[in-house]
Amino acid sequence: MRQKELRLALVCYGGVSLAVYMHGITKEVWHLARASRAFHHPGGMALDGVAAAYRDFLTTIEREHGLQIRVLPDILTGASAGGINAVFLAQAIHAGHSLEPLTDLWLANADVSELTDPDAEPMWRYAKFWAQPIAEWFLSRPGNAVSATVSPETRAEVRAKVSKLVRGRWFSPPFSGARFSAMLFEAFIKMAEEGDGIPLLPAGYPIDLAVTVTDFRGHPETLRLNSPAQVEETEHRLPINFRAQVGDGVGGNECAPLADPLELVLAARATASFPGAFPPLTLAEIDALAAAEGHAWSGRAAFLQRVMPTHVARGTVGEVALIDGAVLVNAPFGAALSALYGRPAQREVDRRFVYLDPRPEGAAPTPAMRARDIGFFGAIFGSLSTIPREQPIRDDLERIEQQSRDAARLKRIVMDLQGDIDRAVEKLFGYTFLLDRPTPKRLAAWRAKAQQAAAERAGYAFGAYALVKFDGILDQLARLTLKAAGQPLGDPLPLVAALRAELEGRGLGMLTDAGGGATQAAIAFFRAHDTGFRMRRLQLLSRKLARDWQLGSEVAEDALDRARDRLYEILALYTQTDADVLHAAHFRDLAARGVAQPGAVLDFLATQRLLPATDLRAEEMLIDALEDMPKELKRRMLLTYLGFPFYDVATLPLSRREGLDEFNPVKIDRISPDDALSIREGGTAATLRGIEFYNFGAFFSRDYRENDYLWGRLHGAERMIDLVASTVSGGVSAQTLREGKRAAFLAVLDEEEIAGRCQRGLIEQIRAEVREKLG
């Protein structure tokens, strides 16, 4: 049975109260991931409701198309309200926690009456009595904001709650940051209690979470120029990133959390600190929460060093004020793109960037808006809030498209080279070498001979290749050292320069000799430090196991799966070498003095990573794997393994990539009300209520939150079915698609009717629409 991984990188926009709608969507991503896990591991997870409907859809595709699809939501980024949903979804996926408590948080607590700071509430009927006439006039005059933007049946509720805010404290945020943080912490605790502890990604698989935050006061960053040599600029973007692997917990605990709950609370609270509504987040607020909950934040220092190293170095952590991430970056595609690095592929991959845009038509000006003059306050508020939040994402999408073109071009180059390189390898060793059983000694000799031949045939191009490879290794060593020193986001250039000077002092001034090959000093350096070459070679082997790389049909799928598994076991040996040195206390001390003592860093890495010893073990595992392969597959793997130096010389200078990532074409999908029209036409205006009162509508009415949450689930369910179906080459039949969506819609409605969270009338109305449209 052919297998394919549908990998989702989720990008969640900001949207104020439309966060409730986005929660409904992310909940369907969670259910689809649960269904995929259960589909591939029957008996390990009990399913019902919409998750069972998704599993049935996956089963239908397997039966009709001979394709097993594994769904892996492994990259999650977000800003503002979208950032909160990304944080909670990442925790649920990584640790096997439940998203159900988050639903209660949104429906019950995402209301102005719950979020309002106690100090901002009118404590008695006549509080700010002089403000009451102003509030009534402002909220009742013709053309007022409530009448213009809120439905008639909800205007009284909205006016009452807005009046309460107006009569509270003035010129201070009305909502309580501390109360919001406490709600978030409570939700994380309940998620852990209600989860089943089964991670939704395979063991050892990485998950990345990134939310955008705005550092209000900013922090200095160094820019390198020609003249002067460097200057300091104030940077206000402050990304908060998390990366973990499933099963990375203490003692191999699979359901260990993605991070300390306080760190996740800090990220969620900071990214959604909407200016004017919430006070900026300070570290004191999180410390107070830790004290109130009796929670020991043991990783506090390490977290702060990682997230805000400049503030830690300058002793200004206590002064940091963090506000809404959407002020500067509302659509963090860049963070999702960066997370692709270091993410290898084990089988055929369909990589999707899926962005959640709850109001896609929000940026389009109406005729009335175009005719209206831009006033004094309109220009100020538009430039500070509206324009940044609604700036099109064209630049980000063009970057992703360019990467996809690069990946497709690189694949074409490799496939075009395959025939020539296979013939070169066979000529180099003779046609009978494939009959010899590989041994570690024989394989090492073959490898050395192939590398020498590739250098000789490359001619002048080999010098450029060696230089690109050398620079890449220095950059990788510098970043590894900075990470060990607790400065993963530090500038690697000073350390790279120090390492280069040290190597030149040791006689590595020239990389190539008079004959065009590598010098003995360069060979020794590459042998000791070049993990990139080794990993690129293994990744090319694994890619050539995919059917779309012209693999003959005579090779069985189970043989391909076994081969992939073995290759990635070998790949893990090399990734583990870096992990081991990072945990060495002695290396942390050396890394902190890396610029001053680069020789000590090089010597430690050369002796502790022991790449030649790892090579021996890796080749023993490879030989064992080759012996388990059918004859034709074994031939292909050997030709590729020994021919890799030829491929690498040709492609590395073009790609300038270290090969430590999945490098596949990326497709982009959107989830919005305009893209899910199977139940009701009309898009956002016809389905969502939170768009009222400038997207704050759902914060003023539980009815609105229930409506948007339910439509979020339904729109999410429709797009999950669409995404899975689009993974099948040629697509699925219209009938299969319609039946899959109908089953998912009805399952969602049945779940919510049983839970009793949403109005029965709303559920019955939508159920009737589903049956009318889909039978």
Side-chain angles (χ1 to χ4, degrees), residues 222-230 448 451-452 454-456 458-485 487-488 490-536 574 577-578 581-582 584 586-615 645 648-649 652-660:
T222 300
L223 299 180
R224 301 190 180 280
L225 311 176
N226 177 59
S227 175
Q230 62 183 45
Q451 289 171 344
Q452 181 63 31
E456 293 172 355
Y460 291 112
F462 185 78
Y465 165 73
L467 182 60
V468 169
K469 186 154 89 156
F470 181 68
D471 287 347
I473 296 170
L474 289 183
D475 186 73
Q476 194 260 342
L477 293 179
R479 294 185 185 279
L480 179 65
T481 304
L482 289 172
K483 189 173 182 179
Q487 305 170 35
D491 182 2
L493 292 181
L495 185 52
V496 167
L499 293 172
R500 188 188 305 275
E502 175 67 22
L503 290 167
E504 289 176 354
R506 295 184 178 190
L508 193 55
M510 297 291 294
L511 296 174
T512 56
D513 56 25
T519 64
Q520 288 303 311
I523 292 173
F525 175 76
F526 293 150
R527 188 171 294 162
H529 298 290
D530 193 3
T531 56
F533 177 88
R534 293 151 163 101
M535 297 177 80
R536 289 193 300 274
Y574 292 106
T577 59
D578 286 352
V581 296
L582 283 174
H586 181 53
F587 185 47
R588 287 197 293 272
D589 297 335
L590 290 177
R593 304 188 300 273
V595 174
Q597 301 176 11
V601 170
L602 288 169
D603 292 340
F604 179 86
L605 291 175
T607 57
Q608 295 300 313
R609 291 165 96 200
L610 297 175
L611 291 186
T614 304
D615 290 340
D648 208 40
V649 168
L652 184 63
L654 296 176
S655 66
R656 295 298 304 271
R657 306 175 75 86
E658 282 306 296
L660 307 181

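- Distance check, rounded to the nearest 0.5 Å: CD of Q520 to CZ of R527 gives 8.0 Å.
- Looking at every heavy atom in both residues, A455 comes nearest to G517 through CB-CA, 4.3 Å.
- A heavy-atom distance below 4.5 Å is found between the side chains of F587 and L605.
- When side chains are defined from C-beta on, V468 does not count as touching Y465, because their heavy atoms never get closer than 4.5 Å.
- Closest approach of P645 and F533 over heavy atoms only: CG-CZ, 4.2 Å.
- The existence of a salt bridge linking D475 and R479 is confirmed by a sub-4.0 Å separation between a basic side-chain nitrogen and an acidic carboxylate oxygen.
- Using a 4.5 Å heavy-atom cutoff, the side chains of R534 and D615 are in contact.
- With T519 contributing its side chain and D513 its backbone, the two residues share no donor-acceptor pair below 3.5 Å.
- Nearest heavy atom pair, residue P598 against residue A498, reads CG-O, 3.6 Å.
- At least one side-chain heavy atom of L503 sits less than 4.5 Å from a side-chain heavy atom of L474.
- Summarising the geometry of G463 relative to T512, their closest heavy-atom pair is CA-CG2, 4.0 Å, with the distance given to 0.1 Å.
- If you take CG on L652 and NZ on K469, they are separated by 8.0 Å, rounding to the nearest 0.5 Å.
- Here E502 pairs with R506 in a salt bridge; the nearest charged N to carboxylate O distance falls below 4.0 Å.
- Under the salt bridge (charged side-chain N to carboxylate O under 4.0 Å, His left out) criterion, D578 pairs with R609, not counting sequence neighbours.
- Here the CG-CZ distance, from L590 to F604, works out to 6.5 Å after rounding to the nearest 0.5 Å.
- In this structure, the side chains of D471 and R500 come closer than 4.5 Å at one or more pairs of heavy atoms.
- In terms of heavy-atom proximity, A478 sits nearest to L499 at N-CD1, 4.2 Å.
- If you take CG on L582 and OG1 on T577, they are separated by 9.5 Å, rounding to the nearest 0.5 Å.
- Summarising the geometry of A466 relative to L511, their closest heavy-atom pair is O-CD1, 3.6 Å, with the distance given to 0.1 Å.
- When side chains are defined from C-beta on, T481 counts as touching L495, because their heavy atoms get closer than 4.5 Å.
- In this structure, the ring-ring contact (aromatic ring centres under 6.0 Å, His included) partners of F470, at least two apart in sequence or on a different chain, are F525.
- We find the NE2-CD distance between H529 and Q476 to be 10.0 Å, quoted to the nearest 0.5 Å.
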